[in-house]
J.: 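Have a look at this one before I ask anything.
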Amino acid sequence: MAWQEKPLGFFTDTSICIGCKACEVACKEWNELPGNAAKFTADSFDNTGQLDAQNWRHVQFIEQVPDNTGMVVTPTPIAGGQAWLMMSDVCKHCKNASCLEVCPTNALMRTEFDTVYIQNDVCNGCRNCISACPYGVIGFNEDKGIAQKCTLCYDRLQGGLQPACAKACPTESIKFGYVEDLHAVADQRLATLKAAGYQKAQLYGRDDKVYGGLNAFFLLMDKPEVYKLPNEANATLPSRNNLPGYVGGVATAVIGLVAGLLAFRNGRMNGNGANNTTTTNTR
Amino acid sequence: MPPAEHFAAAPEWQWWILGYFFFGGIAGGSYALGTLLRFAGDPRDEGAARIAFIASFLALIPCPVFLTLDLGQPLRFWHMLVDTSEGGVAFKPWSPMSLGSWALLLFGLFSFVSFLAAVADVGWFRAASPIARILRGGAGLVWSAVGTVFGLFICAYTGVLLAVSNQPVWSDGGWALGGMFLASALSGSAALLLLVARSRRDVDADTANRLEAADRYFVILEALLIAIFLVTVAVAGTIGKVLGVWIVLWLVVALGLLAPFAMARWDVARRWPPVAAPLLALLGVLALRAVVIFSAQS
Ligand code: SF4
């Protein structure tokens with residue numbers, strides 16, 4: 001079945017993520033990502049570390065259990081699906097994408113499926129997109145010399161397949177489909193969780209409050225910040241600083257030029273050093 | 001206002017970018033000072049103005065080299081200007097890196113032509129005398145005025161480039177960064193001209209004194225903008241990133257800011273070698289860029 005040219009995306013339901021990392025493995029398999037050298041992160045079951053050029057899916061493990069002093073780290077009740085959070089993180093394929101905004105070469109483009117894609121043959125490795133992505137999604141591939149991130153398996157979509165991670169997810173925590181259909185699924189799931197008493201459960205990126213809406217959106221069991229996702233107040237586009245930045249520059253330029261001109265003209269008008277052609281190193 | 005929260009990864013802009021920010025600032029600032037000296041209208045300033053235009057172009061030469069070397073794919077440097085995806089030119093005015101690439105190209109043209117005229121005037125390259133003749137008088141003033149717009153843009157946009165991101169410190173510094181880099185570029189360029197002036201006989205002594213006076217204005221402006229930058233970052237809650245071990249670099253920045261005043265006021269400083277203050281000021285310019293670039297990514 002070929003996919004229609006309308007927004008496709010992920011709905012990642014963290015409430016049923018079991019942290020198996022099948023998504024990470026499937027992603028690496030399909031996209032031929034060798035991965036980084038294994039390291040001990042001392043961070044729960046996480047040995048991937050972060051999203052980057054080699055990790056286009058990353059399962060976060062967020063432990064909110066009592067620490068060994070007996071103090072409860074998070075407010076009770078710690079049950080309710082909030083004691084040990086897991087989330088398979090990925091590029092959000094933002095509707096208003098910070099990376100797309102700043103890319104100077106147009107290597108970053110929006111596909112016919114409304115996803116955000118890096119063209120490997122256009123990217124020149126300036127890394128401006130890395131500085132812009134608020135989710136720390138994009139990494140620099142040292143071997144290829146370019147920026148890399150999740151493509152939402154663009155090649156598989158063109159073949160009518162679903163992305164490798166969604167296909168591999170055993171609990172269907174990662175759901176793939178047309179974004180409008182996923183919205184309906186997410187709304188229903190949220191209602192079910194709320195009815196069951198999970199009051200902190202919330203959708204992230206379902207509406208347009210975060211970057212105009214995320215094509216890869218999430219059901220979270222706690223605040224976005226807990227999952228290293230900027231909340232609404234912090235979900236800002238880089239371009240917000242364009243106008244103030246240039247206005248500040250122009251104002252400084254004008255003041256600097258006027259000050260410089262005054263300094264250069266004043267001295268002469270005061271008649272200092274007229275006809276003096278010796279250098280100042282004679283002092 | 002709640003503190004800003006950042007989850008962005010660092011772009012790993014390191015030494016090449018520091019080098020570019022420094023030399024780009026000196027290139028743009030020197031060009032502006034050369035133009036100002038011409039606009040001040042005293043023929044005795046001509047020697048210093050020529051040095052400014054020569055320094056501007058010489059400082060500009062490493063800039064594209066550094067930028068290219070910083071790329072992951074250096075041979076694709078031209079993708080900054082040509083859209084190999086859609087065809088046509090790659091020009092995105094809302095992307096400071098795109099705008100800066102074009103500005104660098106255009107400023108290169110202005111700086112090169114002014115350089116040719118200046119070296120012809122000092123007798124180093126007489127073949128360029130026709131250019132020097134054209135640039136004498138009104139046409140030259142217009143040329144250098146337009147070149148100054150591009151030059152100052154090069155000084156300031158580097159700050160805007162950092163601000164137009166989602167990085168801690170850079171994006172929190174918002175509107176102050178561009179102006180701060182511009183003011184520091186002007187003060188660094190004045191310091192460089194003073195440094196050269198002190199070793200050349202064709203620079204009028206009074207011109208050098210007035211360069212010192214201008215430098216003090218620029219330093220005041222720079223100090224003000226640094227203060228605004230720090231306050232902005234403090235309000236955003238990310239000031240901790242620019243302090244800590246970075247205090248060492250801030251001390252160098254402070255020394256660079258104080259040097260021109262020390263030379264003018266303190267007897268002990270008057271006994272320094274004449275090049276000490278300009279050298280300290282230039283170090284301060286470098287340190288300011290280093291602390292902003294490196295601390296945010298640490
Ligand atoms: S999550 Fe980051 S990389 Fe993905 S589209 Fe948004 S800004 Fe771009």
Side-chain angles (χ1 to χ4, degrees), chain A residues 52 98 101-107 109 119 122 124-128 130-136 138-140 145-146 225 228-230 233-234 236 238-239 241-242 244-249 251-253 255-257 259-261 263-265 267-268 272-274 276-281 283, chain B residues 2 4-5 7-9 11-12 33 36-37 39-40 42 71-73 76-77 79-80 83-86 90 92 94-95 97-98 101 152 156 159-160 163-167 171 174-179 182-183 186 197-201 203-206 208-210 213-214 217-218 221 225 274:
Chain A
D52 59 27
S98 304
E101 237 185 16
V102 300
C103 174
T105 63
N106 288 329
M109 60 166 285
Q119 303 174 82
V122 180
N124 64 9
C126 72
R127 313 189 293 291
N128 207 5
I130 300 178
S131 82
C133 173
Y135 298 104
I138 308 179
F140 179 66
I146 53 173
E225 305 89 287
K228 302 197 181 86
L229 301 169
N234 284 297
T236 45
S239 58
N241 280 332
N242 257 323
Y246 288 125
V247 168
T252 310
I255 297 170
L257 288 175
L261 207 53
F264 290 156
R265 291 186 76 102
R268 285 288 188 224
N272 293 343
N276 185 350
T277 53
T278 55
T279 57
T280 51
N281 61 358
R283 64 161 94 189
Chain B
E5 277 183 319
F7 304 107
E12 302 298 337
L33 291 184
L36 280 180
L37 285 166
F39 268 84
D42 192 308
L71 295 175
Q73 287 277 354
R76 294 184 188 166
F77 70 92
H79 288 201
M80 293 292 187
D83 188 340
T84 57
S85 165
E86 301 273 311
K92 283 168 78 170
W94 58 92
S95 162
M97 191 178 278
S98 175
S101 304
L152 290 177
V160 183
V164 176
S165 71
N166 270 311
Q167 296 293 310
S171 61
W175 62 272
L177 265 179
L182 190 145
L186 285 174
R198 298 202 193 291
S199 62
R200 289 189 60 87
R201 299 215 156 262
V203 174
D204 185 83
D206 185 49
N209 290 340
R210 285 175 303 117
Y217 286 143
F218 299 147
L221 190 58
L225 281 153

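The figures here come from the full heavy-atom set of this structure, side chains too, leaving out hydrogens, waters and symmetry mates. Letters A, B, ... are given to chains in the order of the sequence lines, protein chains preceding strands, and every chain is numbered from 1.
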J.: For chain B, find which of A/C133, A/S239, A/G245 contributes the most heavy-atom pairs closer than 4.5 angstrom.
T.: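 Heavy-atom pairs under 4.5 Å are most numerous for A/G245.
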J.: Measure the spacing between CG of B/D83 and CG of A/N106 and express it to the nearest 0.5 Å.
T.: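 So the gap between those two atoms works out to 4.5 Å.
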J.: Side chain, backbone, both or neither: which part of B/V164 has a heavy atom under 4.5 Å from chain A?
T.: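 Both backbone and side chain of B/V164 come within 4.5 Å of chain A.
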J.: Tell me, side chain or backbone of A/S98 under 4.5 Å from chain B's heavy atoms, or both, or neither?
T.: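 The side chain, not the backbone.
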J.: Please flag which part of A/C126 lies under 4.5 Å from any non-hydrogen atom of chain B: side chain, backbone, both or neither.
T.: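 For A/C126, the contact with chain B is made by backbone and side chain together.
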J.: Determine the minimum heavy-atom distance between B/K92 and A/C103, stating which atoms define it.
T.: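 The pair with the smallest heavy-atom distance is NZ-O, 2.7 Å.
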J.: Hey, could you give me the CG/CD1 distance between B/L221 and A/I255, rounded to the nearest 0.5 Å?
T.: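 If I round to the nearest 0.5 Å, the distance is 5.5 Å.
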J.: So, taking the atom named CG in A/L257 and the one named CG in B/L186, what distance separates them when rounded to the nearest 0.5 Å?
T.: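 These two atoms lie 7.0 Å from each other.
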J.: Nearest 0.5 Å, what's the CD1-CG distance between A/I146 and B/L71?
T.: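 Answer rounded to 0.5 Å: 12.5 Å.
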J.: When you measure from the side chain of B/W94 to the backbone of A/E101, do you find a donor-acceptor pair of N or O atoms at a distance under 3.5 Å?
T.: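 Present.
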J.: With a 4.5 angstrom heavy-atom cut-off, could you sort out which part of B/L36 is near chain A: side chain, backbone, both or neither?
T.: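 B/L36 touches chain A through backbone and side-chain heavy atoms alike.
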J.: So for A/V247, is it side chain, backbone, both, or neither that comes closer than 4.5 Å to the heavy atoms of chain B?
T.: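 When you check distances to chain B, no heavy atom of A/V247 falls under 4.5 Å.
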J.: Measure A/F140 against the heavy atoms of chain B and call it side chain, backbone, both or neither at under 4.5 Å.
T.: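 Only the side chain of A/F140 comes within 4.5 Å of chain B.
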J.: Decide yes or no for B/L177 and A/N241: does some side-chain heavy atom of the first lie under 4.5 Å from some side-chain heavy atom of the second?
T.: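 Side-chain contact under 4.5 Å: no.
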J.: Is B/S165 close to A/V102 at the side-chain level, that is, under 4.5 Å between some pair of heavy atoms?
T.: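 No, side chains not in contact.
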J.: Could you look at B/A163 and say if it's the side chain, the backbone, both or neither that has a heavy atom under 4.5 Å from chain A?
T.: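 Its backbone and side chain both get close to chain A.
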J.: Quick one: which of B/E12, B/E86, B/H79 has the most heavy-atom pairs under 4.5 Å with chain A, could you say?
T.: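 With the most close heavy-atom pairs to chain A, the winner is B/H79.
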J.: Where is the tightest heavy-atom contact between A/S131 and B/A8, given as atom of each residue plus distance?
T.: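 Looking at all heavy atoms of both residues, the closest pair is O-CB, 4.5 Å.
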J.: Are A/P230 and B/E5 packed together at the side-chain level, in the sense that at least one heavy-atom pair is separated by less than 4.5 angstrom?
T.: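 In short, these two side chains do not touch, never coming nearer than 4.5 Å.
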J.: Of the backbone (N, CA, C, O) and the side chain (C-beta and beyond), which part of B/Y217 lies under 4.5 Å from a heavy atom of chain A, both, or neither?
T.: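 The side chain, not the backbone.
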J.: Determine the minimum heavy-atom distance between A/P238 and B/N166, stating which atoms define it.
T.: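 So the minimum-distance heavy-atom pair works out to CD-ND2, 3.8 Å.
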J.: If you take all heavy atoms of A/R127 and B/G72, which pair is closest and at what distance?
T.: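 The answer is NH1-N, 4.4 Å.
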J.: Indicate the atoms forming the closest heavy-atom contact of B/A214 with A/G260, along with that distance.
T.: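 Closest approach of B/A214 to A/G260: CB-CA, 4.4 Å.
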J.: Taking B/A176, B/S85, B/A156, B/G159 one by one, which has the highest count of heavy-atom pairs under 4.5 Å against chain A?
T.: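 Top count of heavy-atom pairs under 4.5 Å with chain A: B/S85.
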J.: Considering only heavy atoms, which portion of B/L37 lies under 4.5 Å from any heavy atom of chain A: side chain, backbone, both, or neither?
T.: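 Contact with chain A: backbone and side chain both.
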J.: A side-chain contact here means heavy atoms from C-beta on lying under 4.5 Å apart; do A/N124 and B/F77 qualify?
T.: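 No, side chains not in contact.
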J.: Under a 4.5 Å heavy-atom cut-off, does chain B meet the side chain of A/Q119, its backbone, both or neither?
T.: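 When you check distances to chain B, only side chain atoms of A/Q119 fall under 4.5 Å.
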J.: So which residue, A/N128, A/T105, A/L261, ends up with the most heavy-atom pairs under 4.5 Å with chain B?
T.: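 Counting heavy-atom pairs under 4.5 Å, the top option is A/N128.
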J.: Would you mind telling me which of A/K228, A/M109, A/E225 has the largest number of heavy-atom pairs within less than 4.5 Å of chain B?
T.: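 Most heavy-atom pairs within the cutoff with chain B belong to A/K228.
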J.: Considering non-hydrogen atoms only, spot the tightest contact between A/R265 and B/F39 and give its length.
T.: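 Looking at all heavy atoms of both residues, the closest pair is NH1-O, 3.5 Å.
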